[in-house]
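See below for the structure under consideration.
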Amino acid sequence: MKAWAPLFTLRPGCRLVLASASPRRRQFLEEWGLPFTLAQPTGAEPRPAPGETPEAYTCRAAAAKATAAAQGLAATERGHSLVLAADTVVALEGDILGKPRDRAHALEMLLRLNGREHTVVSAVCLTPPQGTVRVFSDVSRVRFGRWPEAALRAYAHTGEPDDKAGAYAIQGQGAFLVDRVEGSWSTVVGLPLAPLAQALLAMGWMRPADGHGQGA
């Protein structure tokens, strides 16, 4: 595998904490060359409130994850740690589709999405040790091709949909399902990279690396 030179570096003295169990979110940060530590979210995720929009819900859920992770840090770590948390949902005609309860439920979700367009919303919360917490979201539109139920059933039984919002992963075996994406592919995967990079650069927590892998 090719070893890539770092694209970004953290501000000196900064410790980045990723509050996520997602392997793909970890991979995105690794591809940027950013070192980070993991803080697995604890406790139950908040449930959508009646009438709550997908954008509002994902922002609230990301903020809850960041708050829980920040509160779990030792005092010596909190003073120089930036906590990054994210949440992603699939929404169809205003209905928020979470993670399937079981494989029968995954097939039910896939049949609802089959041949139709839906939205994917990913929100990010950045919690610095001091100053303003930043929460933002990004929305992409995804259209599924129309697939026979047998193909959807086979995909459900691969196990990949078990822990995925909307019961599919565009970056995995489920890539064949998607006919078209309008918006950011990374948002569909679970981390809107363009607004995240803009926020980290604007906050001064990240800077471009020079040709030797050091901050400019």
Solution key, residues 105-113 side-chain donor-acceptor pairs under 3.5 Å, sequence neighbours excluded:
unit_1: His105; atom_1: ND1; unit_2: Arg101; atom_2: N; d: 2.9
unit_1: Arg112; atom_1: NH2; unit_2: Asp95; atom_2: OD2; d: 3.3

Solution key, residues 185-199 side-chain donor-acceptor pairs under 3.5 Å, sequence neighbours excluded:
unit_1: Ser186; atom_1: OG; unit_2: Ser184; atom_2: OG; d: 2.9
unit_1: Ser186; atom_1: OG; unit_2: Leu191; atom_2: O; d: 3.1
unit_1: Ser186; atom_1: OG; unit_2: Leu193; atom_2: N; d: 3.1
unit_1: Thr187; atom_1: OG1; unit_2: Asp138; atom_2: OD2; d: 2.7

Can you list, pair by pair, the side-chain donor-acceptor contacts under 3.5 Å of residues 124-136, counting residues two or more places apart and other chains?
none

Under 3.5 Å, which donor-acceptor pairs do the side chains of residues 168-175 form with other protein atoms, sequence neighbours left out?
unit_1: Tyr168; atom_1: OH; unit_2: His118; atom_2: NE2; d: 2.7

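Here Arg116 pairs with Glu93 under the salt bridge (Lys or Arg N to Asp or Glu O under 4.0 Å) rule; sequence neighbours left out. Residues meeting the salt bridge (Lys or Arg N to Asp or Glu O under 4.0 Å) test with Arg24, sequence neighbours left out: Glu31. Residues meeting the salt bridge (Lys or Arg N to Asp or Glu O under 4.0 Å) test with Glu182, sequence neighbours left out: Arg180. For Ala56, the side-chain contact (heavy atoms from CB on, under 4.5 Å) partners are Glu52, Thr53, not counting sequence neighbours. For Asp162, the side chain to side chain donor-acceptor pair (under 3.5 Å) criterion is met by Arg103, not counting sequence neighbours. Under the salt bridge (Lys or Arg N to Asp or Glu O under 4.0 Å) criterion, Glu77 pairs with Arg15, not counting sequence neighbours.
Note: Leu16 CG to His80 NE2 = 11.5 Å, rounded to the nearest 0.5 Å. Separation of atoms CG (Leu10) and CE (Met206) is listed at 8.5 Å; rounding is to 0.5 Å. The distance from atom CG of Leu177 to atom CG of Leu152, rounded to the nearest 0.5 Å, is 6.5 Å.
Between Ala167 and Tyr155 the shortest heavy-atom distance is O-CE2, 3.5 Å. A pairwise comparison of heavy atoms in Leu201 and Pro208 identifies CD2-CD, 3.9 Å as the closest pair. Gly204 and Arg11 make their closest contact through O-CD, 3.1 Å (heavy atoms, listed as atom of the first residue, atom of the second, distance). Closest approach of Lys99 to Ala165, counting heavy atoms only: CG-N, 4.0 Å. Residues Ala85 and Ala62 share a closest heavy-atom pair of CB-O, 3.5 Å.
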(request) Report the C-alpha distance between Val120 and Thr88 in whole Å, list the side-chain angles of each, state the deciding distance to 0.1 Å, and finish with yes or no for side-chain contact (heavy atoms from CB on, under 4.5 Å). (result) CA-CA 7 Å; Val120 180; Thr88 300; 3.7 Å; yes

(message) Assess the residue pair Val89 and Leu97 against the criterion (side-chain contact (heavy atoms from CB on, under 4.5 Å)); give the C-alpha distance rounded to whole Å, side-chain angles, the decisive distance to 0.1 Å, and a yes or no.
(response) CA-CA 7 Å; Val89 300; Leu97 306 184; over 6 Å; no

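Counting heavy atoms from C-beta on, the side chains of Val142 and Thr119 never come closer than 4.5 Å. Using a 4.5 Å cut-off on side-chain heavy atoms (C-beta onward), Leu73 and Val83 make contact. Counting heavy atoms from C-beta outward, Leu18 and Arg26 have side chains that approach closer than 4.5 Å. Looking at heavy atoms from C-beta onward, Leu82 lies in side-chain contact with Leu200 at the 4.5 angstrom threshold.
Judged as a ring-ring contact (aromatic ring centres under 6.0 Å, His included), the pairs with a partner in residues 14-56 (not counting sequence neighbours) are, in order, Phe8-Trp32. Applying the salt bridge (Lys or Arg N to Asp or Glu O under 4.0 Å) test to pairs two or more places apart or on separate chains, those with a residue in residues 82-92 are Lys65-Asp87.
Clustering ILVMFWY residues whenever any of their side-chain heavy atoms sit less than 4.5 angstrom apart, transitively, puts Val121 in the very cluster that holds Ile96.
Checking Ser20 against Arg25 by side-chain atom types alone, a donor-acceptor pair falls below 3.5 Å.
Aromatic pair Phe176/Trp147: centroids less than 6.0 angstrom apart.
Using a distance-only test at 3.5 Å, with no hydrogens or angles considered, a donor-acceptor pair links the side chain of Arg78 to the main chain of Ser81.
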